[in-house]
Amino acid sequence: MSPDNSKNLARDLNADGFIARFGGVFEHSPWIAEAALAADPGLLHADVGRLHAAMASVLRAAGPERQLVVLRAHPDLAGKLALAGELTADSSAEQAGAGLDRCTAEEFARFQELNDHYQSKFGFPFIIAVRGLDRHDILRAFEKRVGNTPEQEFQTALGQVERIALLRLYQITGQPQHDLGQALMDRLEEFATFTAEPGMLTRLFLTKEHKAAAERLIAWMGEAGMTGRIDAAGNVVGRYEGDQPGLPALLIGSHIDTVRNAGKYDGNFGVLAGVAAVAELNRRAERLPFAIEVIGFGDEEGVRFPVTLTGSRAIAGTFDGAALGVADADGIGYAEALRAFGGDPDAIACAARRPDEVLAYVEVHIEQGPVLEAEDLGVGVVTGINGASRFIVRVGGTANHAGTVPMKLRRDALAGAAEMVLAVERRGLEGTDLVATVGRIEALPGAVNVIPGGAVFTIDLRSPDDTVRRAASAAVLGDIEAIAGRRGLAIEVEQSHDAPATLCAPGLITQLSEAVGRCGVQPRKLPSGAGHDAMAVAALCSVGMLFTRCREGISHNPAESITVEDADLSMRVLLDFIRHFDPAALGH
Ligand SMILES: [Zn+2]
């Protein structure tokens, strides 16, 4: 793991020169650069990543009072100082770069209104790293953040201050930014051309588009110093040897099949990020004390055949042979399609990995939810993949004439069910790490002039913690019984689904969180509400996941979107994680 000295940009500086150069990285706060250098004289020879991490940790350790002083040192956006020409040169250039010097009179008025509201609510000015945003994006973010709680917003503002510092460091040193992220985004665009339907992305399992994508992936793996192949179950597997051949491997993967009319990032992002990370190691001739295998699973979405996760189950050794007997809507059998793809239905067992050949599995994936965006974080560390319980509840009352029966003499099944729905919602709101949904309800007989004699509704409860989920299920069912008892209603509850949670390995959560922190981002842990290949691989080895923010949490949709900055951040976190990966600290 030789450090790359080509980016030692502060070289040849003495301490005074260092402060002169980097003292303004945090607005009007040269003490941060001074304290960072005092704590680590090696910063005179450090690259941007290390400089940033060192200064950010000074700010984080400074405590809320000094942090508030730093926040207050920032100017209002499009504010009075800007009008009077009294900004620092950095702030002035940054604000002009986002077009804030060209606001219309109305926009300017809106900024002043928001500035006043924000200042009086939080006691410091609105701070946002404007690079890559236009003034409409900024206004939208401003309007959203003004609704945050003071605690949330204080942390969000600090995160933005750190981000501005990072951008300024890149600016000062001239080090190219987002090169890894940009290259990855370019590749994702190209990869999206492997589709069944031009103009949109549809790449179903074992189709010719899937095969073409797999061949391109193998070619990219080759360029990255890996040997790539298609395994018996139709997975694309590329291997990068460690500092000696045949070492156990860190697996990095996700899926390359998509839904119909999909986004470009779901699945593909994690696979190409893995290839890009290995390419970067290979470029620097870095060999690690373990091998790396990047896997592009084929069957995560389960769109073509009535099975799912067959690729990751094959790797984990839990492939169900019944899958070989299923067929798609055109009557093409799974086994036949697998053979045509280059797999081997008779040798699926050979795709299974032995536990001693693998160290852990890590998957980078778009969040497919709104949490990271709401908290203004580019990445988050997954704690586990939610387990789920589903119930069908049938409520029995007495159907009768809506005009003749007085209110006190009714047994209204729908009114009772409505109270039960609110009880479900209340349990969901009470729990952290718990979501509770009633997605369907029906009144019987369902006529405008009849008191409902029956009601049927569903409950869906999910949590990354099975204990929490089971306790919540019991509590919800208890509430429902109590409500039914009080209202004289009959109830019948049927459990229609029960799937346990997949826990991410604590050691991987810790190591991923440390990598996130070293990349200058507050590590945020969150559960996954959606299923992933990691669920199947968990039967083989420890699994961990890194989520990347996606716009408005949208996925399974061409509107799926991530930024080049977040792609770059995810790449840096993944690389940092790989370089620091310690299999001994997984707690086997
Ligand atoms: Zn996915």
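No experiment lies behind these values; they were computed from the predicted model shown. Note that ligands are numbered from 1 as they come in the structure, with each ligand's atoms numbered from 1 the same way.
- Shown are the protein N/O/S atoms under 2.8 Å from the Zn ion (ligand 1), given by residue and atom: H255 NE2, D266 OD1, H365 NE2.
- Annotation: ring pair (Phe, Tyr, Trp, His ring centres under 6.0 Å) contacts involving residues 538-562, sequence neighbours excluded, comprise H532-F547.
- To the nearest 0.5 Å, the span separating NE2 on H52 from CD on E162 amounts to 5.5 Å.
- Between the R287 side chain and the E241 main chain, a donor and an acceptor come within less than 3.5 Å of each other.
- Donor-acceptor pairing under 3.5 Å is recorded for the side chains of H365 and D266.
- For residues 559-579, every residue pair satisfying the ring pair (Phe, Tyr, Trp, His ring centres under 6.0 Å) rule, not counting sequence neighbours, is listed here: F577-F581.
- Pairs passing the ring pair (Phe, Tyr, Trp, His ring centres under 6.0 Å) check and including a residue from residues 336-357, sequence neighbours excluded, read H210-F341.
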